[in-house]
Amino acid sequence: MKGTFQTIEGTSDLLSGTRRPLVRIEVWRHVEDVIHTVMHRHGFAEIRTPVLEPTGLVARGLGQLTDVVSKEMFTFERGDTSYVLRPELTAPIMRAYLQHHMEQKPGVRRLYYIGPCFRAERPQKGRYRQFHQFGAEIIGTNDPRADAEVIAVMMDVYQTLELTDAQLRINTLGDAESRPRYREALVKYLTPHTEALSEISRERLSRNPLRILDTKVEAECVLLEGAPRLLDYIDEDSRASYEALKGLLESLEISFVEDPMLVRGLDYYTQTAFELEHAGIGAQRALAGGGRYDLLAPAIGASQPVPAVGFAAGMERLILAMEASELSLPEEHPFDAWMVALGETAGREAFLLLQTLRAEGLRVGMELGYRSMKAQMRLANRARARQVVIVADRELEAEVATVKDMNTGEQLTIPLAQLADNLIKTLN
RNA sequence: GUGACCGUAGCUCAGGCGGUUAGAGCGCCAGGUUGUGGCCCUGGAGGUCGGGGGUUCAAGUCCCCUCGGUCACCCCA
């Protein structure tokens with residue numbers, strides 16, 4: 001236990017054969033398969049960017065004042081550059097879009113990703129220092145159909161995984177002009193009540209007042225009921241695009257609730273904002289979040305805004321939700337067959353036979369080292385092998401193998417030349 | 001970063017007010033069946049009681065520090 005090395009705080013190994021779905025590799029593979037399939041169906045192209053990015057990209061992209069940038073980044077210096085382990089993927093994707101001049105390609109860009117991210121937070125349920133996100137972005141248009149499409153592909157992933165008990169909430173944050181006007185009104189309303197605010201909200205009042213809207217403090221929620229409404233301040237374009245989005249979602253029969261208190265924690269969001277929540281996964285209940293971020297590109301150096309909308313989703317939270325919703329999750333894969341050999345000569349022949357069966361496409365296992373038949377049979381059973389192929393001197397002399405069906409217990413003698421065909425036939 | 005709870009075999013846990021060889025179930029290995037799994041029976045291996053310090057004749061048990069885990073705050077996917 002001690003003396004050996006351990007995974008560092010808030011990180012974990014994903015393994016085969018564990019009882020815990022959250023770290024069971026078969027569950028991850030299944031979820032990833034579904035994500036790739038759904039994204040592919042919707043015409044999104046995969047993009048993989050480095051785990052390491054320039055610190056400046058993330059700091060300017062997400063905003064210096066956000067908690068993620070100001071206290072949750074893993075950064076290090078080497079030479080005269082500062083590197084960061086990416087805390088999210090939207091800024092890196094926009095960086096790639098600009099770097100590879102994707103705006104020069106015809107039409108809009110539909111991109112999706114899956115990969116690890118890092119945040120130096122205190123771990124708890126649904127929150128880890130290395131965690132995994134998947135997401136999709138549509139870059140190059142402010143058409144509200146893009147907002148609807150991003151939500152549609154997101155919902156399709158959960159739908160395909162049969163996770164149907166998540167709730168979608170949407171809101172609009174207004175554009176670059178209307179948001180500051182609202183911000184001003186909110187500050188004006190809250191300032192006389194400064195005394196009633198929590199310490200955290202008081203600090204936000206000057207730094208990022210919109211974040212006060214999603215407070216959990218009861219007294220503040222009551223106070224906010226009388227606050228100016230964001231919806232009353234937003235510009236015509238944002239309002240029209242928000243109405244269009246709602247109409248599209250209704251037509252697509254994607255159910256949602258409007259939540260005027262919904263705000264996002266990163267600076268780059270404007271207009272559409274949305275979040276998908278699941279009630280069964282603890283305090284970190286957001287499965288996915290997203291929205292429009294037309295201002296990200298100029299924040300990281302582009303000469304003009306690039307209209308874009310997307311979502312990001314947590315893989316760990318998705319798996320926790322699937323577990324909470326009692327969906328059946330993949331276990332270790334069974335074996336088609338298992339080789340059992342007795343003695344050194346047969347052990348060598350069985351090993352060669354094993355390889356030819358594998359070449360035929362069968363999933364076949366075998367213990368190495370010379371153990372008793374009983375021990376080998378037990379291993380075959382544990383591996384949930386459908387059939388066992390027994391080979392010893394007796395069989396080899398006659399050029400046959402004894403094949404045992406592990407469900408019925410039935411045993412047959414099969415000529416080696418017909419072994420593969422025979423195994424395949426009985427599997428079907 | 002703050003707080004609460006928890007660290008005893010590979011896993012899940014038991015160990016009344018400190019008392020001398022630290023236990024169980026499951027798992028693992030072997031045997032019962034000179035070539036046959038799942039059930040059953042028998043035996044075996046496996047533990048510096050997270051680490052360090054202290055109190056005491058005596059510490060898994062009490063105290064302090066430390067590391068790790070879990071959950072919550074905060075934050076966010």
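Since the structure is predicted, the reported quantities are computational estimates derived from the model, not experimental observations. Lettering follows sequence order; numbering is per chain, from 1.
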[atom1]-based separation of [M] from [N] [nearest Å]:
N: B:G10; M: B:G51; atom1: P; value: 13 Å
N: B:C5; M: B:G23; atom1: C1'; value: 25 Å
N: B:C65; M: B:G19; atom1: C1'; value: 27 Å
N: B:U56; M: B:A72; atom1: C1'; value: 38 Å
N: B:G54; M: B:A59; atom1: C1'; value: 11 Å
N: B:U61; M: B:A22; atom1: P; value: 15 Å
N: B:C6; M: B:A45; atom1: C1'; value: 30 Å
N: B:U8; M: B:G15; atom1: C1'; value: 9 Å

Which residues pass the side-chain contact (heavy atoms from CB on, under 4.5 Å) test with [X], sequence neighbours left out?
X: A:R48; result: A:E46
X: A:I200; result: A:S198, A:R204
X: A:E121; result: A:E72, A:R119, A:R127
X: A:A375; result: A:R371, A:S372, A:R378

Given atom [atom1] of [X] and atom [atom2] of [N], what is their separation to the nearest angstrom?
X: A:M155; N: B:A77; atom1: CE; atom2: P; value: 17 Å
X: A:R119; N: B:C74; atom1: CZ; atom2: C1'; value: 13 Å
X: A:D67; N: B:C73; atom1: CG; atom2: P; value: 15 Å
X: A:E397; N: B:G35; atom1: CD; atom2: C1'; value: 14 Å
X: A:Q6; N: B:G10; atom1: CD; atom2: P; value: 12 Å
X: A:I8; N: B:G69; atom1: CD1; atom2: P; value: 10 Å
X: A:K125; N: B:A72; atom1: NZ; atom2: P; value: 7 Å
X: A:N407; N: B:G37; atom1: CG; atom2: C1'; value: 12 Å

Heavy atoms under 4.0 Å, any strand shown: does [X] hit a base, just sugar-phosphate, or nothing?
X: A:A288; answer: sugar-phosphate
X: A:I200; answer: sugar-phosphate
X: A:E72; answer: sugar-phosphate
X: A:G282; answer: sugar-phosphate
X: A:E9; answer: sugar-phosphate
X: A:F134; answer: nothing
X: A:G10; answer: sugar-phosphate
X: A:K404; answer: base
X: A:G409; answer: base

Do [X] and [N] share a donor-acceptor pair, side chain to base, under 3.5 Å?
X: A:K374; N: B:G32; value: yes
X: A:Q124; N: B:U70; value: no
X: A:E395; N: B:G35; value: yes
X: A:N381; N: B:G37; value: yes

Item to check | Residue pairs fulfilling side-chain hydrogen bond (donor to acceptor under 3.5 Å, both in side chains) with at least one residue in residues 221-231 of chain A, sequence neighbours excluded | outcome: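 Sorted pair list comes back empty.
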Checklist entry - Which pairs with one or both residues in residues 328-355 of chain A pass side-chain hydrogen bond (donor to acceptor under 3.5 Å, both in side chains), sequence neighbours excluded? => result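 Output for this query lists A:R19-A:E331.
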Item to check | Involving RNA chain B, stems made of at least three consecutive Watson-Crick or G-U pairs, both distances under 3.5 Å | outcome: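 Only these stems qualify: B:1-7 with B:67-73, B:10-13 with B:23-26, B:28-32 with B:40-44, B:50-54 with B:62-66.
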Polar atoms only, N or O, under 3.5 Å: list the protein pairs with nucleotides 27-29 of chain B and their distances.
unit_1: B:C28; atom_1: OP1; unit_2: A:R382; atom_2: NH1; d: 2.2
unit_1: B:C28; atom_1: OP2; unit_2: A:R382; atom_2: NH1; d: 3.0
unit_1: B:C29; atom_1: OP1; unit_2: A:R371; atom_2: NH2; d: 3.1

Residue pair [X] / [Y], side-chain donor-acceptor N/O under 3.5 Å:
X: A:S16; Y: A:E26; value: yes
X: A:H40; Y: A:Y112; value: no
X: A:E258; Y: A:Y242; value: yes
X: A:S201; Y: A:E220; value: yes

Next on the checklist: If the cut-off is 4.0 Å, is A:R264 near the phosphate of B:A77, judged by side-chain N/O to OP1 or OP2?
Outcome noted: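 Yes, within the criterion.
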Checklist entry - Who passes side chain to side chain donor-acceptor pair (under 3.5 Å) against A:D393, sequence neighbours left out? => result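 With neighbours one apart ignored, the set is empty.
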Checklist entry - Toward the 5' end of RNA chain B, which comes first, A:R394 or A:R317, by nearest nucleotide? => result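 Result: A:R394.
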Next on the checklist: Let me spell it out: for each of A:T66 and A:L342, pick the nucleotide of RNA chain B with the closest heavy atom. Which residue's pick is nearer the 5' end?
Outcome noted: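 Nearer the 5' end of the strand: A:L342.
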Next on the checklist: Does A:L353 form a side chain to side chain contact (heavy atoms under 4.5 Å, CB included) with A:T356? I'd like the steps, not just the answer.
Outcome noted: CA-CA 5 Å; A:L353 198 51; A:T356 66; 3.9 Å; yes
Checklist entry - Got a sec, which residues hit salt bridge (charged side-chain N to carboxylate O under 4.0 Å, His left out) with A:E360, two or more places apart in sequence or on another chain? => result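 A:E360 satisfies salt bridge (charged side-chain N to carboxylate O under 4.0 Å, His left out) with no residue once adjacent residues are dropped.
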Next on the checklist: Tell me every residue that passes salt bridge (charged side-chain N to carboxylate O under 4.0 Å, His left out) with A:R145, counting only those two or more places apart in sequence or in another chain.
Outcome noted: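 Partners of A:R145 under the salt bridge (charged side-chain N to carboxylate O under 4.0 Å, His left out) test: A:D143.
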Using a cut-off of under 3.5 Å, enumerate the N/O to N/O pairs linking the protein to nucleotides 2-7 of chain B.
unit_1: B:U2; atom_1: O4; unit_2: A:R122; atom_2: NH1; d: 2.6

